[in-house]
Amino acid sequence: MIDAQELVADLTEPQREAVRHVDGPLLIIAGAGSGKTRVLTRRVAHLVSQGIPASSILAITFTNKAAGEMKQRIEKLLGRGIRDFGRLDQPWPTICTFHSLCLRILRHYAPQIGLANNFSIYDSSDQNKVIKDALKTLELSTTNFPPGTVHAKISNAKNQLISPADFTRSAGDFYSKTVARVYEKYQKLLAASNALDFDDLLLRAVQAFRDQPTVLKEMQERFSYILIDEYQDTNRAQYVLAHVLAQRHKNICVVGDPDQSIYAWRGADIRNIMEFEQDYPDAKVVRLEQNYRSTKTILSIASKLIAHNRQRKDKSLWTENDQGEKATLFLAGDEHDEAHAVTQRLKELKDKHGYSWNQVAVFYRMNSLSRVMEDALRKENVPYYIARGVEFYNRKEIKDVLAYLRVVANPSDEVSLERVANTPARGISDGTMKQFATYAVGNATSLWGALCDAEKISGLNARAIKACKGFVEQVIGWRRMAFDDGEEAAVAADMFTKSKGRVTKLMEAVVRQSGLEDFYKKAGGEEQDELGNINELISSAAEYDSGNPDGSVVDYLAQVSLVSDTDALRDNGGAVTMMTLHAAKGLEFPVVAMIGLEEGCLPHARARGNPEELEEERRLCFVGITRAQEKLIISKAAYRTIRGLRERTVASPFLNEMSQQDLQVIDRTGVESFSEGDEDGYIRQRMEAESERLGGQFKRGQLVRHKMFGLGRVAEITPMGSQTRAIIEFNTAGSKTLILEYAKLEAVG
DNA sequence: GTCTTGGATATTTTT
DNA sequence: TATCCAAGAC
């Protein structure tokens with residue numbers, strides 16, 4: 001049995017209060033670094049110690065990673081394992097993401113809700129494809145209606161539980177009306193593919209609660225204690241879901257920090273946390289304000305900054321940690337100088353202060369800022385690792401394999417079918433596919449149905465028909481294999497859940513028989529990356545099989561769809577970690593460097609003129625600072641090259657908002673003289689090197705060739721660093737001044 | 001069916 | 001600048 005006393009023994013008073021609270025609504029305002037996860041996990045254990053059945057506890061997080069961590073820590077506290085099969089009927093606490101919870105609900109109640117339970121889950125690239133298809137059928141140009149923008153609008157609507165009908169009703173202007181049409185079409189296409197997108201998972205679960213009283217009642221009974229982490233980042237759909245679920249028992253505990261809300265652009269609504277006490281007037285409120293992470297100095301910088309936000313709950317972070325040293329603020333000449341300065345400082349911290357590389361992180365607002373920083377680190381032989389957004393599951397070869405499985409599991413899945421039909425090339429051309437699409441529409445069948453009817457379609461040549469038949473037979477064979485079905489391909493929905501842990505075998509068969517293996521063997525050449533990745537996928541399937549003895553392809557696919565591998569932000573093995581500020585949330589590092597503190601960068605240009613967005617940028621900056629435990633480095637560059645344009649920058653307003661006495665400013669620009677052309681030595685050196693690199697190969701009188709202007713002779717070279725120019729007298733085009741970096745001149749002779 | 005090329009585009013990205 | 005994509009060339 002768990003000892004309740006022991007659970008709170010090493011906690012502070014407010015932490016204890018939060019852990020010990022059992023019944024009724026609870027709001028925990030958890031400042032940065034205040035031991036939030038500790039409180040959450042202890043609270044779960046404490047509930048169990050009070051005799052509450054573990055299975056009635058639901059803890060919701062935003063990322064799989066957070067769920068995984070919480071699971072581990074709770075396992076430790078409870079002294080027993082939590083085996084999560086992704087289902088609703090488990091004898092232990094359910095600790096998962098919002099999306100995973102909804103998926104479980106939808107799968108469990110699929111028949112009642114009117115869903116086939118083998119539905120595909122479309123990720124953002126699938127979604128994008130469907131949006132494009134919708135635009136095409138509606139004959140809308142992608143120039144006037146960029147798929148990304150349209151999709152964002154639709155996604156936003158879904159997150160606010162706005163149906164296509166609602167959207168149409170409230171659409172005033174032409175643009176919104178058009179988006180409404182796309183939204184409607186998009187939903188139809190998804191339905192035809194028997195697919196849900198990420199947003200649908202939430203939306204459909206909320207709808208199920210609304211329309212199916214028994215579903216709601218069962219879930220309310222099932223989950224009588226609810227905890228929600230990162231509550232400041234919930235959107236409308238998540239908000240409604242949580243509150244409807246909690247309505248019966250009102251045992252809802254939310255944890256969050258309004259100052260760390262950085263996903264408004266994705267539909268997160270900071271009001272959810274700001275107004276919790278209005279939603280539950282009898283809510284107990286606990287504030288965790290003691291920070292265990294950072295030095296007094298770092299905390300002071302962060303606090304002073306965030307105090308400039310108006311939309312926030314007043315909160316004062318404090319710490320018993322050391323004062324610590326002042327933060328370093330580099331005012332650099334340009335981005336190269338900035339990267340150089342930061343790198344030197346990091347090296348100094350390692351050499352003179354005993355930090356190791358994996359204690360160091362570099363944050364930036366945009367991925368594009370990483371490049372220059374990488375170059376500088378590489379030049380100094382500093383190992384680094386970029387926590388990227390491009391994930392394993394987004395790789396082409398992985399998507400190919402999974403698309404095959406999806407077609408096997410869900411024949412209606414058009415996005416996957418289209419992807420796979422001719423990958424690798426097997427003689428089913430685009431034209432052929434178009435004919436199938438037309439046939440499908442004309443004969444009220446699916447794309448898959450059309451493929452099956454290949455020989456009935458006039459205008460297809462014998463070769464195409466043969467290719468299609470071969471493909472169809474293959475898929476049917478795999479389907480048999482997947483579902484252990486002796487009969488002809490199963491269509492009955494419940495057939496799809498009966499296969500027996502054979503995902504690995506199926507995947508291997510698909511990879512080999514489809515020709516993907518041979519294709520990547522050949523295509524690979526010197527780089528066999530693709531095959532390696534496919535093998536990695538196969539071993540992940542094997543892992544799934546062994547953990548889920550009676551799992552199925554459908555199950556496997558569902559699970560895989562909700563996993564992005566930022567979750568695998570693993571141990572970086574002795575390297576500096578580089579990531580965006582968004583990716584940094586929830587992490588901590590002894591040494592943190594934040595680069596690009598400039599107007600237009602942080603705060604980002606898109607936030608200009610919008611006070612609310614500016615506040616979000618400020619919170620982003622706050623999140624960055626509060627990741628630092630001991631040393632903080634901040635930098636800005638006086639000049640920065642963005643998209644090939646070198647521009648004078650303006651310092652970020654946030655710099656002035658930080659507590660100045662906590663900053664040690666190192667000015668590398670020599671601002672007065674800089675503008676007069678007498679650059680800092682480092683910059684001058686770099687300019688000279690650039691001039692040499694670009695202009696060195698050309699001499700006056702030299703014969704050169706230009707792609708457009710043809711042959712010419714060099715009349716003059718003007719060394720100007722990366723802007724180094726040459727005047728060329730062309731034989732036919734006359735005299736031109738060209739910037740060598742872009743002109744790509746070719747020396748002749 | 002694959003390669004080339006011009007044109008548009010350019011934050012952040014838990015699921 | 002770099003990257004991605006659709007359309008056209010071979």
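Sequence lines set the chain letters: A, B, ... in the order given, protein chains first and strands last, and positions in each chain run from 1. Computed from a predicted structure; not experimentally measured.
By the criterion of a centre-to-centre distance under 5.5 Å and near-parallel planes under 30°, the ring of A:His604 forms a stack with the base of B:dT11. The aromatic ring of A:Trp265 stacks onto the base of B:dT12, its centre lying under 5.5 Å from the centre of the six-membered base ring with the two planes under 30° apart.
In this structure, the NZ atom of A:Lys129 is 13 Å from the P atom of C:dC5, given to the nearest Å. Whole-Å rounding puts the A:Asp233 CG to B:dT13 P distance at 14 Å. The distance between atom NE2 of A:His151 and atom P of B:dT15, rounded to the nearest whole Å, is 16 Å. Atom pair A:Met70:CE and B:dT14:P shows a separation of 18 Å (rounding to whole Å applied). Note: NZ (A:Lys585) to P (B:dT11) measures 21 Å, nearest angstrom. Across the protein-nucleic acid pair, A:Gln127 atom CD and B:dT13 atom P stand 17 Å apart, rounded to whole Å. We find that CG of A:Leu202 is positioned 15 Å from P of B:dT14, with the value rounded to whole Å. Protein atom CE of A:Met594 is 16 Å distant from nucleotide atom P of B:dT12, rounded to whole Å.
Of the two residues near DNA chain B, A:Ile428 and A:Glu613, the one whose nearest nucleotide lies more 5' is A:Ile428.
Between A:Phe98 and A:Ile228 the shortest side-chain heavy-atom distance falls below 4.5 Å.
Side-chain atoms of A:Arg643 lie closest to C:dT1 of the nucleotides C:dT1, C:dT3, B:dT15. Between B:dT11, B:dT13, C:dA6, one nucleotide has an atom nearer to the side chain of A:Lys132 than all others, and that is C:dA6. Checking C:dA2, B:dT12, B:dG1 against the side-chain heavy atoms of A:Asn422 singles out B:dG1 as nearest. Ranking B:dT14, B:dT13, B:dT15 by closeness to the A:Phe62 side chain, first place goes to B:dT14. Closest contact between the side chain of A:Thr63 and the listed nucleotides B:dT11, B:dT14, C:dA2 involves B:dT14. The side chain of A:Ala425 lies closest to B:dG1 when the candidates are B:dG1, B:dT11, B:dT13.
Distances shown here put a side-chain N or O of A:Thr580 below 4.0 Å from the OP1 or OP2 atom of B:dT13. Look at A:Asn367 and you'll find a side-chain N or O under 4.0 angstrom from OP1 or OP2 of B:dT13.
Taking the O4'-C1'-N9-C4 or O4'-C1'-N1-C2 dihedral as appropriate, B:dT12 has a value more than 90° from 0 and is therefore anti.
The shortest non-hydrogen separation linking A:Ala30 to A:Gln260 is O-NE2, 4.3 Å.
Heavy atoms of A:Glu616 sit nowhere under 4.0 angstrom from any nucleic acid atom. Residue A:Ser429 is in sugar-phosphate contact alone, with no base atom involved, counting any heavy-atom pair closer than 4.0 Å across all strands shown. Residue A:Tyr263 is in base contact, counting any heavy-atom pair closer than 4.0 Å across all strands shown.
Between the side chains of A:Ser155 and A:Asp199, a donor-acceptor pair is found at a separation under 3.5 Å.
Sequence neighbours left out, the pairs with a member in residues 232-243 of chain A that pass salt bridge (Lys or Arg N to Asp or Glu O under 4.0 Å) are A:Asp233-A:Lys585.
Salt bridge A:Lys396/A:Asp400: present, at least one basic N to carboxylate O contact under 4.0 Å. The pair A:Arg87-A:Asp555 fails the salt-bridge criterion, with no side-chain N (NZ, NE, NH1 or NH2) lying under 4.0 Å from an Asp/Glu carboxylate O.
For the C1' atom pair drawn from C:dA6 and B:dT11, the interatomic distance equals 25 Å after rounding to whole Å. Rounded to a whole angstrom, the distance from the P atom of C:dC5 to that of B:dT12 is 15 Å.
Counting distance only, with no hydrogens placed and no angle test, the side-chain atoms of A:Arg266 and the base atoms of B:dT15 include a donor-acceptor pair under 3.5 Å.
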